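Working notes, structure below.
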Amino acid sequence: MGPHGGHGVAAGGATATGGMGPWWLALGLLLLVVLAGVSLAYVSRVRADSTEAAPPKEADSAMEDLRTQYARGEIDDEEFANRAATLNLEWG
């Protein structure tokens with residue numbers, strides 16, 4: 001026994017009552033930080049996927065009509081570009 005009635009330091013530098021002491025605490029905290037980071041990344045990705053909205057069907061139909069008019073020669077390059085930009089601004 002040691003001078004104060006305890007067992008003192010055991011082999012390997014660990015105390016008889018504390019084990020690895022602060023190393024386990026540090027490892028546990030690191031694990032929690034990693035798990036929190038992974039969770040936040042997952043939630044962020046899921047939210048980003050759910051907020052990406054597809055353009056409405058009207059936008060697809062209007063753009064198809066515009067392309068058809070352009071292909072037939074009913075509108076020129078400038079008119080096509082102006083209308084396409086307008087459609088993209090309205091529906092995103």
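Only heavy atoms go into these numbers, but all of them, side chains included; no hydrogens, no water, no symmetry mates. Nothing here was measured: the structure is a model prediction, and the numbers come from that model.
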Q) For the residue pair Ala84 and Leu66, what are the closest heavy atoms and their distance? A) N-CD2, 3.5 Å

Q: With rounding to the nearest 0.5 Å, note down the distance linking CG in Leu25 to CG in Leu30.
A: 11.5 Å

Q) Tell me, which pairs form a ring-ring contact (aromatic ring centres under 6.0 Å, His included) where one or both residues lie in residues 27-48, sequence neighbours left out? A) none

Q: Only counting residues at least two apart or in another chain, list the ones meeting side-chain contact (heavy atoms from CB on, under 4.5 Å) with Ser39.
A: none

Q.
Show me the pairs that pass ring-ring contact (aromatic ring centres under 6.0 Å, His included) and involve residues 60-81, at least two apart or across chains.
A. Tyr70-Phe80

Q: List, by chain and number, the other hydrophobic cluster members for Leu40, where Ile, Leu, Val, Met, Phe, Trp and Tyr join if side-chain heavy atoms come within less than 4.5 Å, directly or indirectly.
A: none

Q: Could you list the residues that satisfy side chain to side chain donor-acceptor pair (under 3.5 Å) with Gln69, not counting sequence neighbours?
A: Arg83

